[in-house]
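We name chains A, B, ... by the order of the sequence lines, and we start the count at 1 in each one. Basis for what follows: all heavy atoms, side chains included, without hydrogens, waters or symmetry-related copies.
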Amino acid sequence: MSRPFPRRDLVGDSTAVAPRLLNALVSVSDTDGSVRVGRIVEVEAYRGERDPASHAYRGRTARNATMFGPPGLLYVYRSYGIHWCANVVAGVDGVAEAVLIRAVEPVAGLDRMRGDRPGIVREVDLANGPGKLCAALGVTGDDDGTDLCSPDSRIRLLRDGVAPPERPTRTTRVGITRGVEHRWRYLVPDHPCVSRGRPSGGGS
DNA sequence: CTTTGGATCGTCT
DNA sequence: GACGATCCAAAGG
């Protein structure tokens with residue numbers, strides 16, 4: 001039993017939206033009728049033009065244009081020339097706020113995920129990283145700009161009976177060199193499917 | 001277990 | 001021309 005993720009819950013600062021996305025579902029439908037579903041267990045908030053680690057820090061460009069769109073869009077970018085990474089756009093239309101999805105727990109369509117993640121043995125390693133989850137779910141740059149809150153989209157954000165954790169684990173973000181001090185990474189506590197990435201900043 | 005280096009290319013300087 | 005919001009395999013302790 002699942003319902004569309006309410007768009008109103010994506011309005012506002014990415015730091016407020018990010019923990020709300022924990023335990024939400026991402027579903028991806030393919031043309032052959034198959035569906036892959038993952039449960040979000042790790043996210044990071046990026047605060048647009050006020051955040052030196054954000055792609056939008058130096059303003060709007062062709063690449064980051066989707067980040068400036070309305071909340072509920074999917075922002076997909078290429079990482080290191082090799083991988084795809086996916087964000088949920090937050091904020092309000094015209095303001096660049098985004099939440100990077102860093103890990104999902106495989107829920108459905110596992111065979112299909114394994115097909116796109118050849119050689120992966122353990123189920124928990126299928127989508128425990130931002131590049132890995134895009135590969136496992138079949139998300140690419142073609143999906144940039146998808147409205148995650150529309151029932152007609154191939155990629156959708158859903159909420160089922162599992163609420164976000166009341167006390168999410170918080171750390172500094174992973175893989176960045178600026179804005180390292182902010183604890184804007186949120187995780188489902190003690191979940192086996194979180195990424196292996198190490199926080200960039202000091203801890204406390 | 002941890003550390004290191006290579007792959008690979010669009011984007012912005 | 002440099003540099004990533006990464007991943008993986010290989011080598012070292």
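- Across all strands, A:Ile176 comes closer than 4.0 Å only to sugar-phosphate atoms, never to a base (heavy-atom distances).
- When rounded to the nearest whole Å, the span between CZ of A:Arg63 and C1' of C:dG4 equals 8 Å.
- C:dC3 atom P lies 11 Å from atom CZ of A:Arg178, rounded to whole Å.
- Residue-level contact check: A:Arg58 touches the backbone only, with heavy atoms under 4.0 Å from sugar-phosphate atoms and none from bases.
- Taking atom CZ of A:Arg173 as the reference point, atom P of C:dT6 lies 11 Å away to the nearest angstrom.
- Counting only N and O atoms by type, the side chains of A:Ser34 and A:Arg112 include a donor and acceptor under 3.5 Å apart.
- Residue A:Arg102 is classed as a sugar-phosphate contact, given heavy-atom separations below 4.0 Å to backbone atoms only.
- An OP1 or OP2 oxygen of C:dC7 is reached within less than 4.0 angstrom by no side-chain nitrogen or oxygen of A:His83.
- Among the nucleotides B:dT11, C:dT6, C:dA5, the one closest to the side chain of A:Thr61 is B:dT11.
- Here the C1' atom of nucleotide B:dC12 and the OH atom of A:Tyr77 are 16 Å apart, to the nearest Å.
- A:Val107 places a side-chain heavy atom less than 4.5 Å from the side chain of A:Arg39.
- Distances were taken from every side-chain heavy atom of A:Arg78 (C-beta onward) to each of C:dA5, B:dG10, B:dT8; the shortest belongs to B:dG10.
- Rounding to whole angstrom units, CZ of residue A:Arg196 and P of C:dA9 are separated by 12 Å.
- Nucleic acid contact class of A:Arg117 (heavy atoms, under 4.0 Å, all strands): sugar-phosphate only.
- Rounded to an integer number of Å, the gap from A:Ile101 CD1 to C:dT6 C1' is 16 Å.
- When rounded to the nearest whole Å, the span between CZ of A:Arg122 and P of C:dC7 equals 15 Å.
- Among the nucleotides C:dA5, B:dT11, C:dC8, the one closest to the side chain of A:Tyr46 is C:dA5.
- The interatomic distance linking A:Ile82 (CD1) with C:dG4 (P) rounds to 15 Å, in whole Å.
- In this structure, A:Tyr80 does not count as stacked on the base of B:dA7 under the 5.5 Å centre distance and 30° plane angle limits.
- A:Ser79 has no side-chain polar atom (N or O) that falls below the 4.0 Å cut-off from OP1 or OP2 of C:dG4.
- A salt bridge is absent between A:Arg159 and A:Asp9: the closest approach of a Lys/Arg side-chain nitrogen to an acidic carboxylate oxygen does not fall below 4.0 angstrom.
- A donor-acceptor contact shorter than 3.5 Å links the side chain of A:Asp143 to the backbone of A:Thr140.
- Here the two rings, on A:Tyr46 and A:His55, have centers that are 6.0 Å apart or farther.
- Between A:Met67 and A:Asp125, the residue whose closest nucleotide on DNA chain C is further toward the 5' end is A:Met67.
- C:dA5 is unpaired under the Watson-Crick or G-U wobble criterion, no partner having all donor-acceptor distances under 3.5 Å.
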